[in-house]
Amino acid sequence: MAIVEDYLTSLPSKPISSGASTDDVREYLSAVTFDRGTDPVRALTYVAEGFERFHVHNAHPRYMGLFLPASSTMGIAADTLAALFNPVLASRQFSPFAVEMEEHLLRLWAERFGYNQRETDGVFASGGSECNYTALVSALCHSFPSWRHSGVRGLTGEPVLYVSAEGHHSFVKAARLAGLGDACVRWVPVDGDLRLDLAALEDIIRADRAAGRQPFLIVATAGTTNAGIVDPIAALAEIAAREEMWFHVDAAWGGAAVLLPELREEFTGIERADSIAFDPHKWLSVPMGAGMFLTRHSGFLEKVFSVDDPYMPRPGSTAEPADFYRRSMQWARRFIGLKLFLTLAVAGWDGYRAVIRHQVAMGALLRDKLEEAGFVVENRTPLPVICFTDRDQAGGADDLRTRAIAAHVVKSGRAWISTTRIGPRGRMVLRAAVTSFRTSEGDVEEVLGAIQEARRSIDDFGAEHAGE
Ligand SMILES: *Cc1c(COP(=O)(O)O)cnc(C)c1O
């Protein structure tokens with residue numbers, strides 16, 4: 001516990017990353033050979049020091065990288081309790097309290113997304129990737145009745161799925177694992193606002209059908225990883241319904257914003273999704289990994305995953321949902337729901353709403369400040385992800401300069417931002433995302449300061465070396 005307290009109090013004043021190399025880490029670890037046991041306090045201190053020296057502190061309020069937030073304090077406590085009681089989530093008979101707690105959370109979250117509580121089905125998962133995989137196999141099972149028995153060998157046409165070119169690459173893994181291969185994923189072009197282009201989608205579907213392929217799944221991304229873009233969900237729901245395809249919304253990160261009435265409109269149509277992927281370990285700030293897969297078809301997951309095993313308890317009364325092991329990839333699964341339950345219990349819906357609203361506001365503040373400082377914001381989203389460039393007089397932004405700014409910021413230890421590529425031509429941009437509930441206005445100022453200092457130092461360097 002002292003380790004936890006020390007870390008949380010000293011974190012804001014620490015450099016975010018140390019720039020240590022893999023060799024440095026290996027050298028530190030090479031001292032441990034396990035030839036003889038050591039005392040527990042020494043072992044714990046050694047690990048804490050290792051984190052201190054080598055970790056990129058993604059829990060830091062000025063870490064603005066990928067969606068790897070600081071853990072809620074109740075989440076940290078919950079993971080310890082989960083380890084203490086160590087319930088297995090496979091079966092209600094072994095772990096009635098844990099299983100029902102997860103069922104309760106799944107029902108309540110289903111309602112937040114506009115599903116009818118009584119008709120939904122869902123499971124906790126390791127994260128968005130597993131949820132997207134679950135969506136893909138659910139769609140296969142739905143569209144191809146022979147799939148469950150014969151797999152892809154039994155299919156007559158080539159199945160294809162559609163996701164925005166800005167969508168998540170877990171669909172490639174999912175397609176490979178399902179035996180379909182990369183080629184079944186259609187990366188649909190995006191429009192000028194980086195949203196999935198509806199006309200392009202319809203053209204591709206038409207061409208696929210004409211070629212005898214079998215479109216079976218449309219994915220809307222609600223908050224892209226790259227640029228926080230929300231696809232036109234309602235229009236995609238419409239197309240999916242007309243084309244008789246499974247409609248999945250990947251709301252892994254952005255889904256948390258459904259709690260805010262002022263942003264709810266962005267998500268209109270999500271209640272029509274056949275399934276939703278949502279990661280509490282992203283914007284809800286519970287420790288990794290915590291994914292949530294929801295579908296509005298009750299009983300459907302059993303069609304995909306149910307198996308019988310002689311050593312597992314017989315299914316109980318039919319009034320109860322089937323055991324989780326019959327509705328999920330996972331079997332002996334960890335208690336994922338507790339960290340969400342305890343965090344939500346302490347915060348309440350209003351508390352969560354306030355935290356999410358605060359992060360949206362910090363994103364807006366950083367966006368405004370960057371524009372004031374002459375940077376060009378390249379993405380349009382109300383969510384707190386800012387993609388921006390530092391254009392030169394000719395209006396260009398060269399990749400070398402963009403990379404140099406990010407590297408300089410990271411090296412300063414004051415903030416952490418990254419680069420990514422967006423849009424059809426893969427423009428390189430700087431990317432900053434508010435991921436911590438502890439990010440304050442002062443932190444935003446400091447991040448901006450680090451970015452401006454990076455820009456100045458690169459300009460000075462350029463001036464010194466001009467004419468060389
Ligand atoms: C993070 C993310 C994923 C992958 O989720 P994991 O929890 O990392 O497996 C999928 N889709 C989107 C939009 C994401 O942001």
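Positions are given from 1 along the sequence. Each ligand, and each atom within it, is numbered from 1 in the order the structure gives. Because the structure is predicted, anything quoted here is derived from the model rather than measured.
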Residue pair Ser143 / Trp246, side-chain donor-acceptor N/O under 3.5 Å = no
Can you tell me the protein heavy atom closest to atom 7 (O) of ligand 1 and the distance?
-> Asp279 OD2, 2.6 Å
Atoms of ligand 1 under 4.0 Å from any heavy atom of Gly127, numbered from 1 in the order shown, are 7 (O), 9 (O)
Ionic contact status for Glu119 with Arg296, cut-off 4.0 Å = no
Output field: ring centroids Phe51/Tyr7 closer than 6.0 Å = no
What is the nearest protein non-hydrogen atom to atom 13 (C) of ligand 1, stated with its residue, atom name and distance?
-> Asp250 OD2, 3.4 Å
Would you call the rings of Trp331 and Tyr325 parallel, tilted or perpendicular if under 30° counts as parallel and over 60° as perpendicular?
-> tilted
What's the shortest distance from atom 6 (P) of ligand 1 to any protein heavy atom, and which residue and atom give it?
-> Gly128 N, 3.3 Å
Report the part of Thr224 (side chain from C-beta onward, or backbone N, CA, C, O) that has a heavy atom under 4.0 Å from ligand 1; answer both or neither where that applies.
-> neither
Looking only at heavy atoms of His281, does any of them come nearer than 4.0 Å to an atom of ligand 1?
-> yes
In terms of side-chain heavy atoms, does Asn132 have a donor or acceptor partner in Ser129 at a distance below 3.5 Å?
-> no
Donor-acceptor list for residues 176-192 side chains, cut-off 3.5 Å, not counting sequence neighbours:
residue : atom : partner : partner atom : Å
Arg176  : NE   : Asp182  : OD1          : 2.5
Arg176  : NH2  : Asp182  : OD1          : 3.4
Arg176  : NH2  : Asp182  : OD2          : 2.9
Arg186  : NE   : Asp208  : OD1          : 3.2
Arg186  : NE   : Asp208  : OD2          : 2.9
Arg186  : NH1  : Ala183  : O            : 3.1
Arg186  : NH2  : Asp208  : OD1          : 3.0
Asp191  : OD1  : Asp193  : N            : 2.9
Asp191  : OD1  : Leu194  : N            : 3.2
Asp191  : OD1  : Arg195  : N            : 2.9

Quick one: look up the protein heavy atom nearest atom 10 (C) of ligand 1 and list residue, atom name and how far away it is.
-> His168 CG, 3.2 Å
Enumerated ligand 1 atoms positioned under 4.0 Å from heavy atoms of Ser129 | 4 (C), 5 (O), 6 (P), 9 (O)
Under 4.0 Å from a heavy atom of Thr225: give me the atoms of ligand 1 that qualify, with their elements.
-> 12 (C), 13 (C), 14 (C), 15 (O)
For His142, what residues pass the side-chain hydrogen bond (donor to acceptor under 3.5 Å, both in side chains) criterion, not counting sequence neighbours?
-> none
Shortest protein contact, atom 2 (C) of ligand 1 (heavy atom only) = Lys282 NZ, 2.4 Å
Sub-4.0 Å heavy-atom contact, Gly223 with ligand 1 | yes
Of Phe293, Trp349, Phe124, Tyr115, the one forming a ring pair (Phe, Tyr, Trp, His ring centres under 6.0 Å) with Trp109 is Trp349
